[in-house]
Amino acid sequence: MSLRQRRILIGVTGGIAAYKICELVRRLRDLDAEVRVVMTEGATHFVTPTTFQALSGQPVRVSLWDEQGEAAMGHIELAKWAERVLIAPASADTIARLAHGHADDLLSTVVLATAAPVYVAPAMNQQMWAHPAVQANIGILRVRGVGILGPADGDQACGDIGSGRMLEPHDLRDLLVASFGDQVLRGRRVVVSAGPTYEDIDPVRFIGNRSSGRMGFAVAAAARDAGADVTLVAGPVSLPTPPGVSRVDVRSARQMHDAVLAACHGSDIYIGAAAVGDYRPADMADHKLKKVDGSPLRLELTENPDIIAALAALPAHPFLVGFAAETRELTSYAQDKLRRKGLDMIAANEVGPGKGFEVAENALHLYWQGGDLTLPTRAKTELARQLIGHIAERFLSGHGPNP
Ligand code: C5P
């Protein structure tokens with residue numbers, strides 16, 4: 001990982017997470033990036049400009065009206081110098097001012113004057129983050145192509161627990177590194193489903209499957225690294241959300257169906273990596289089923305909706321990529337699913353003891369109308385990166401270049 005000669009402008013705004021940006025600047029310098037820091041007036045109440053000056057090795061600017069600073073590198077030059085602008089922590093106030101195009105301090109002016117991709121890492125109290133005004137402003141920025149990184153869930157400096165924590169410095173560093181890679185899906189909206197579904201039998205028992213969600217989570221992270229705006233609809237798994245990805249948690253196939261259909265509205269690509277339960281108990285018992293000695297228990301199962309087939313049936317649907325986990329006859333089953341479900345591409349893998357589920361490595365065979373390709377065994381993270389490359393290639397060949 002190197003950021004040699006990469007020019008990153010960091011805008012620090014007024015929030016307690018500002019102290020973590022010291023570490024971020026340090027980590028970016030370790031990768032040989034050139035870093036310049038612009039602070040809002042509010043940020044200087046948390047960390048001094050001298051700290052960032054020492055860490056970045058460059059003068060730090062706060063005011064638009066700093067004659068010396070303007071003489072050295074004016075605000076327009078600074079905006080042109082930057083290859084990436086990251087605002088972290090981004091306070092609710094800064095987010096509002098960016099959404100409405102203010103230019104009354106140095107940072108907001110630089111953001112208007114730059115042609116570089118802009119990323120925002122929100123950090124605020126969970127109640128503030130959930131406020132409709134903040135969410136509306138974030139929506140405006142998102143539509144405008146600003147990358148929204150996080151926030152994460154967890155405990156907050158104010159004592160609350162919830163969504164609003166700034167991503168950790170190493171996550172922000174990794175996202176900046178990825179932003180310099182091939183951004184083949186920049187400006188595209190991708191929805192990924194991952195993990196198993198649980199179909200409840202009674203309040204304590206369920207029918208599930210052995211999907212760990214790892215492949216789908218890796219695919220979501222790889223799509224994010226390719227520049228996409230990613231929503232991950234996750235079944236019950238114990239995996240951390242990839243930073244920068246929006247996550248919706250569900251439990252049953254029907255919940256996943258509703259969440260995926262809602263998330264896919266206006267999206268470009270859907271990747272169905274979830275192992276969706278085909279059946280659910282016809283009735284969920286209100287109380288724990290009791291064992292009756294000596295007699296078998298019969299469960300009646302009813303079919304679940306096929307999520308990806310439901311998407312395929314919509315008049316305007318995203319590019320559809322399915323997964324096929326098979327224990328035998330991989331090619332014929334996968335090609336049959338491709339046709340029957342109306343998919344654009346299917347990624348097939350063999351499952352069984354030590355293969356596919358619950359392991360860190362996998363191999364995939366990709367099939368589409370008129371072609372196929374094998375991706376040999378490797379780490380799921382690497383495999384996901386390659387898969388996204390092939391999906392992007394097929395998607396873009398049918399939809400033209402990115403907006
Ligand atoms: O279960 P099956 O092998 O048919 O799954 C193939 C693909 O269909 C997968 O991408 C899976 O996510 C999707 N699927 C679905 N809804 C279901 C069953 C499977 O979207 N009810």
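Note that ligands are numbered from 1 as they come in the structure, with each ligand's atoms numbered from 1 the same way. Because the structure is a prediction, the values reported are computed rather than measured.
Checked against a 3.5 angstrom limit, the closest N/O atoms of Gly277 and ligand 1 fall outside it. Of the N or O atoms in Pro305, one or more lie within a sub-3.5 Å distance of an N or O in ligand 1. On a distance-only criterion, Phe323 and ligand 1 share at least one N/O pair closer than 3.5 Å. Residue-to-ligand polar distances keep Glu326 apart from ligand 1: every N/O pair is separated by 3.5 Å or more. Taking distance alone, with nitrogen or oxygen atoms compared against 3.5 Å, Ala273 stays at or beyond that limit from ligand 1. For Val276, no nitrogen or oxygen atom sits less than 3.5 Å from a nitrogen or oxygen atom of ligand 1, counting backbone and side chain alike.
When each of Lys20, Arg26, Arg27 is checked for a side chain to side chain donor-acceptor pair (under 3.5 Å) with Glu23, only Arg27 meets the rule. With Asp200 as the fixed residue, the salt bridge (charged side-chain N to carboxylate O under 4.0 Å, His left out) test singles out one of Arg254, Arg205, Arg280, Arg251: Arg251.
One distance of note links CG of Asp278 with OG1 of Thr302; it measures 12.0 Å at 0.5 Å rounding. Atom CE in Met124 sits 9.5 Å away from atom CD in Gln156 (nearest 0.5 Å). Put simply, SG on Cys264 and CD1 on Ile269 are 11.0 Å apart, with the number rounded to the nearest 0.5 Å.
Closest to atom 2 (P) of ligand 1, if we only count protein heavy atoms, is Lys337 NZ, 3.5 Å. The protein heavy-atom contact nearest to atom 20 (O) of ligand 1 is Ile308 N, 2.9 Å. Of all protein heavy atoms, the one lying nearest to atom 16 (N) of ligand 1 is Ile307 N, 2.9 Å. Nearest protein heavy-atom contact of atom 4 (O) of ligand 1 is Lys341 NZ, 2.8 Å.
Of all atoms in ligand 1, listed by their number and element, those nearer than 4.0 Å to a heavy atom of Asp278 are 1 (O), 18 (C). Per-residue contacts place Gly322 under 4.0 angstrom from the following atoms of ligand 1 (heavy atoms of the residue considered): 10 (O).
Closest heavy-atom approach to atom 11 (C) of ligand 1 among the candidates Ala325, Ala309, Ala274: Ala274. Taking only non-hydrogen atoms, the option from Ala275, Ala194, Ala310, Gly272 nearest to atom 10 (O) of ligand 1 is Gly272.
Relative orientation of the Phe395 and Phe319 rings is perpendicular, given thresholds of 30° and 60° on the angle between their planes.
Proximity of His257 to ligand 1, defined as any heavy-atom pair under 4.0 Å, is not found for any part of the residue. When non-hydrogen atoms are compared, ligand 1 lies under 4.0 Å from neither the backbone nor the side chain of Asn304.
Checked for salt-bridge contact, Arg97 and Asp105 meet the test: a charged N lies under 4.0 Å from a carboxylate O. Between Asp344 and Arg394 no salt bridge is recorded (no basic side-chain N to carboxylate O distance below 4.0 Å).
Across all non-hydrogen atoms, the minimal contact from Ile8 to Leu28 is CD1-CD2, 4.2 Å.
Side-chain atoms of Tyr270 and Ser193, non-hydrogen and from C-beta on, do get closer than 4.5 Å to each other.
The closest approach between Met256 and ligand 1 stays at or above 4.0 Å for every heavy atom of the residue.
Judged by a 6.0 Å distance limit and a 45° cone about the ring axis, Arg84 is positioned over the six-membered ring of Phe180.
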